[in-house]
Asker: 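The structure's right below; bear with me while I get my questions together.
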Amino acid sequence: MFKKILIANRGEIAVRVIRACREMGIQSAVVFSEADRRALHVRMADEAIPIGPSPSGQSYLSVERILQAARDCQAQAIHPGYGFLAENAGFARAVAAAGLVFIGPPPAAIEAMGDKGRARALMQASGVPVLPGYQGLDDDDILQQKAGEIGYPLLVKPAAGGGGKGMQVVERPADLSEALATARREAGHAFGDQRLILESYIPQARHIEFQVLADAHGKTLHLFERECSVQRRHQKIIEETPSPFLDPELRERMGAAAVAAARAAGYRNAGTIEFIVDAQTREFYFLEMNTRLQVEHPVTELVTGLDLVQWQLRIANGQALPFHQESLNQRGHAIECRLYAEDPANNFLPATGPLLRFIEPGGPGLRVDSGFTSGDEITIHYDPLVAKIIAWAEDRPGAIRKMSTALKETVLLGVIHNGQFLQDALSSAEFQAGAVYTTWVEDHFGDWQPPECSLPPEVLAAAALTQFQSATASTSSTAPTGADGRDPYSPWRVSNGFRLGE
Amino acid sequence: MRYRFESNGRVYEITIERRGDSYIASVDGQPLEFELLDIQTGQLSLRFSPRLEDGQPGRPVTIFWAAEGSQKWVSLDGCTYRLDKPSARTARPTGETAGVENVRAPMPAQVRAIQVAEGERVEKGATLLLLEAMKMEIRIKSPSNGSITRLLVTSGQAVEKDQVLVEIGE
């Protein structure tokens with residue numbers, strides 16, 4: 001096994017990989033930007049190497065700096081996490097060229113699946129169903145004509161894209177030009193590649209993906225599905241497994257298609273085949289393959305009992321998978337909620353700010369993957385994911401109840417977040433019935449408002465008490481002080497003078 | 001003593017006094033009696049007495065809070081509330097004059113494209129400019145019908161949260 005690896009990422013996923021390394025007796029080195037000087041992943045790692053300024057383009061996305069860091073700390077392998085350079089074939093190649101192991105798939109598999117047009121063609125050739133669409137010579141006139149043939153509504157997607165970035169739903173021919181322009185612009189900024197593809201759009205679609213694991217000895221297995229239909233802006237916020245939509249027959253067919261897709265790509269390591277399932281016809285279609293570990297991998301770990309990050313490391317080290325498809329099964333039910341610094345009442349716009357106080361929930365069957373602690377800050381530079389809360393129970397209703405309890409226990413002060421929204425989504429009749437689809441959040445929560453309209457009197461009494469206490473105790477000589485002489489959390493702290501007269 | 005907080009545009013008035021081991025509070029005229037069970041950094045455990053008038057049973061609660069400038073963040077049962085000093089948020093930002101609406105950046109971002117020019121008439125909902133933050137495109141739309149009286153940013157410029165981007169007049 002490796003003696004030391006470099007983790008080319010930050011936040012919760014870097015912490016997740018550090019923990020796996022520790023359990024396996026592997027030394028973990030991390031990289032960090034200026035903004036992350038005191039970040040949790042830096043505090044936890046065995047070694048931490050600065051790689052530049054806060055903007056990710058000059059730090060976490062710099063192939064040269066990351067390779068230099070790996071050489072400096074004499075790491076034998078690099079784990080890319082997700083995002084940043086995880087699906088960059090050039091990076092995977094550069095890692096190999098530097099004599100290091102890339103903990104992920106072969107560069108050719110990243111390339112084959114990274115280009116949405118090529119991936120569609122490869123899947124068609126391998127018998128994996130794809131949506132009616134167009135990938136090919138990219139020219140606005142041709143796209144206009146092809147769009148007419150495919151029919152509306154349709155989806156405009158960046159060919160180099162993924163994760164829903166830059167995707168546009170077009171309802172009518174009149175809107176196509178603007179959608180193409182917007183998609184091209186976003187594709188250019190996000191991926192440095194303006195090419196687009198078209199796909200037929202299924203309005204009431206479910207997003208169901210399959211986890212695959214492939215070793216270097218020809219064995220490719222699937223670890224069942226994850227249902228990720230609760231999304232906003234094409235990005236997932238609640239994921240679960242098993243899917244309430246699948247039956248054993250459909251699960252088996254989709255699992256087989258996922259394995260066929262991974263084999264067609266020459267895949268190795270952990271990956272995910274995403275499918276769109278038409279809720280009316282129960283037909284499924286290949287959406288894309290994510291050639292990396294997914295954010296939502298914990299739900300699979302909880303129901304299969306396998307540690308995906310540890311298997312990523314073992315596979316990269318050449319170990320063979322010792323189990324078979326038939327020996328894998330799904331036990332119980334797991335749900336993940338993504339706690340984001342964002343404003344659900346304002347189009348889910350990302351929010352920034354200090355985590356003045358962050359208290360994670362706990363209890364049996366609960367897991368929290370988080371990259372931050374109280375005192376850290378959510379900045380403009382990176383993804384606003386604060387933590388993933390994952391609940392496991394014997395069945396789906398039990399997992400929902402456990403998650404609701406966990407969200408009520410979570411305390412996050414200092415930055416606007418989606419905790420209350422997640423609770424409302426979980427307790428809705430549609431979610432409880434498992435009847436959700438990818439535009440469900442938009443359709444049902446478009447005018448969602450936070451609960452501040454019903455401010456409990458207990459909260460106001462407590463807020464007043466904090467000031468009452470500081471006023472009556474301000475002469476106390478026992479007042480604790482922080483490093484700056486003012487403990488911001490201290491109940492004794494003299495307030496800002498918004499007390500009225502006596 | 002009397003305290004006032006503002007939340008979501010509403011002002012609440014609270015009085016508190018100590019009576020032996022208990023506290024008597026009045027929240028917008030509604031009486032509440034409670035005992036302080038525990039006090040820690042940013043954390044209060046209180047036990048509220050049963051409310052006779054509406055049959056609400058007494059209950060112990062733990063409230064977490066933190067102060068940031070004039071703002072107080074308070075959390076109870078998984079709900080987060082922001083309380084502010086009255087009028088701090090309702091006051092007009094300096095320099096804003098009647099009849100002119102300032103369109104501000106919702107978050108720190110970079111200006112990607114500007115789709116209007118000074119003097120141009122715009123309708124409510126029209127896209128004025130595109131910002132990018134956290135790899136996401138944010139469309140800034142016109143809050144009203146009017147004309148662009150001032151365009152205060154250029155393409156590529158980095159803007160701070162609440163920075164005025166465009167001024168719209170009648």
Side-chain angles (χ1 to χ4, degrees), chain A residues 165-166 182 185-186 189-190 233 346 349-354 356-357 359 380-384 407-414 417 419-420 423 450-453 455-469 471-472 480 487-491 493 495-496 498-502, chain B residues 1-5 7-8 10 12 14-18 23 25 27-28 30 32 34 36 39-44 46 48 59 61 63-70 72-83 85-86 88 106-109 112-113 130 132-138 161:
Chain A
K165 277 183 184 133
T182 306
R185 205 167 42 236
E186 283 196 49
H189 294 138
R233 295 195 320 255
N346 185 15
L349 277 188
T352 56
L356 298 176
R357 192 81 192 259
I359 303 174
I380 175 192
H381 303 292
Y382 315 110
D383 189 85
L407 288 168
K408 285 195 179 74
E409 249 181 61
T410 306
V411 176
L412 180 51
L413 304 177
H417 60 87
Q420 181 62 42
Q423 295 176 51
E452 276 169 293
C453 34
L455 193 54
E458 287 85 355
V459 166
L460 290 157
L465 183 67
T466 61
Q467 278 169 234
F468 182 81
Q469 287 283 347
T472 52
D487 180 346
Y489 314 123
S490 170
R493 180 178 173 186
S495 66
N496 311 293
F498 51 107
R499 177 163 66 86
L500 298 178
E502 303 294 312
Chain B
M1 284 192 271
R2 281 201 300 148
Y3 304 91
R4 291 174 75 212
F5 296 106
S7 177
N8 240 18
R10 240 199 90 179
Y12 300 84
I14 301 107
T15 64
I16 283 200
E17 60 179 283
R18 194 163 179 164
Y23 293 85
V27 176
D28 275 354
Q30 182 189 350
L32 282 173
F34 58 89
L36 178 58
I39 182 162
Q40 288 182 35
T41 300
Q43 186 172 336
L44 290 170
L46 310 173
F48 286 85
R59 60 168 191 146
V61 298
I63 284 167
F64 298 89
W65 67 279
E68 186 189 21
S70 70
K72 262 191 173 54
W73 295 76
V74 187
S75 174
L76 169 64
D77 289 341
C79 294
T80 309
Y81 307 92
R82 274 187 300 168
L83 305 178
K85 188 171 156 178
M107 59 185 309
R112 277 298 175 199
L130 303 170
E132 192 185 281
M134 291 159 159
K135 297 255 182 259
M136 204 181 71
E137 187 172 286
I138 303 164
K161 179 175 165 44

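Below, chain A is the first sequence line, B the second, and so on; all start at residue 1. On a predicted model such as this, the values are computed, not experimentally measured, just so you know.
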Asker: Identify the heavy atoms of B/A67 and A/L356 that sit nearest to each other, and give their distance.
Answerer: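 Residues B/A67 and A/L356, closest heavy atoms: O-CD1, 3.9 Å.
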Asker: Counting only heavy atoms closer than 4.5 Å, note whether B/P108 contacts chain A via side chain, backbone, both or neither.
Answerer: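 Backbone plus side chain of B/P108, per the 4.5 Å heavy-atom cut-off to chain A.
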Asker: Can you name the nearest heavy-atom pair linking B/Q30 to A/P457, along with the distance?
Answerer: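 Looking at all heavy atoms of both residues, the closest pair is OE1-CG, 4.0 Å.
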Asker: Name the region of A/L407, side chain, backbone, both or neither, that has any atom closer than 4.5 Å to a heavy atom of chain B.
Answerer: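 When you check distances to chain B, only backbone atoms of A/L407 fall under 4.5 Å.
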Asker: Tell me whether A/Q423 contacts the main-chain N or O of B/G78 through its side chain, where contact means a donor paired with an acceptor under 3.5 Å.
Answerer: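 Between the backbone of B/G78 and the side chain of A/Q423 there is a qualifying donor-acceptor contact (under 3.5 Å).
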Asker: Is B/R112 close to chain A through its backbone or its side chain, or both, or neither, when contacts mean heavy atoms under 4.5 Å?
Answerer: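 Contact with chain A is through the side chain of B/R112 alone.
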Asker: Identify which part of B/F64 has an atom lying under 4.5 Å from any heavy atom of chain A, answering side chain, backbone, both or neither.
Answerer: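 Answer is both: backbone and side chain atoms of B/F64 are under 4.5 Å from chain A.
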Asker: Does B/L130 reach the side chain of A/R185, with side-chain heavy atoms less than 4.5 Å apart?
Answerer: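 A side-chain contact exists here, since the closest heavy-atom pair is under 4.5 Å.
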Asker: Can you tell which of B/I39, B/I14, B/L36 makes a side chain to side chain contact (heavy atoms under 4.5 Å, CB included) with A/L465?
Answerer: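 It is B/L36, the one option of B/I39, B/I14, B/L36 that forms the side chain to side chain contact (heavy atoms under 4.5 Å, CB included) with A/L465.
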Asker: Can you say whether A/H381 sits under 4.5 Å from chain B via the side chain, the backbone, both, or neither, judging by heavy atoms?
Answerer: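 A/H381 has no heavy atom closer than 4.5 Å to chain B.
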Asker: Return the minimal non-hydrogen interatomic distance between B/L44 and A/A462, and the atom names on each side.
Answerer: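 Looks like CD1-O, 3.6 Å.
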Asker: What is the distance from atom CG of B/D28 to atom CG of A/L460, rounded to the nearest 0.5 Å?
Answerer: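 Separation between the atoms: 7.5 Å.
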Asker: Checking A/R357 side chain against B/A66 main chain: does a donor-acceptor pair fall under 3.5 Å?
Answerer: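 Flag not set: sc A/R357 to bb B/A66 has no pair under 3.5 Å.
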Asker: Quick check for you: to the nearest 0.5 Å, what is the distance between B/K161 atom NZ and A/I380 atom CD1?
Answerer: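 Reported to 0.5 Å precision, the distance equals 12.0 Å.
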Asker: So, taking the atom named CD1 in B/I63 and the one named OG1 in A/T466, what distance separates them when rounded to the nearest 0.5 Å?
Answerer: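 Result: 10.0 Å between the selected atoms.
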Asker: At a 4.5 Å cut-off on heavy atoms, which part of B/I16 comes close to chain A: side chain, backbone, both, or neither?
Answerer: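 For B/I16, backbone and side chain are both near chain A.
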Asker: When rounded to the nearest 0.5 angstrom, what is the spacing between CD in A/E458 and CG in B/L46?
Answerer: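 Reported value, rounded in 0.5 Å steps: 9.0 Å.
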Asker: Quick check on A/T352 against chain B: is it the side chain, the backbone, both or neither that has a heavy atom closer than 4.5 Å?
Answerer: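 Only the side chain of A/T352 comes within 4.5 Å of chain B.
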Asker: Taking all heavy atoms of A/A463 and all of B/L83, pick out the closest pair and write down the distance.
Answerer: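 So the two residues come closest at CB-CD1, 3.4 Å.
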Asker: Need one label for A/L412: side chain, backbone, both or neither, based on atoms under 4.5 Å from any heavy atom in chain B.
Answerer: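 Just its backbone gets close to chain B.
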Asker: Is it the case that the side chain of B/Y3 and the backbone of A/F468 share a donor-acceptor pair, with hydrogens and angles ignored and the cut-off at 3.5 Å?
Answerer: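 Pair found, side chain donor or acceptor close to backbone of A/F468.
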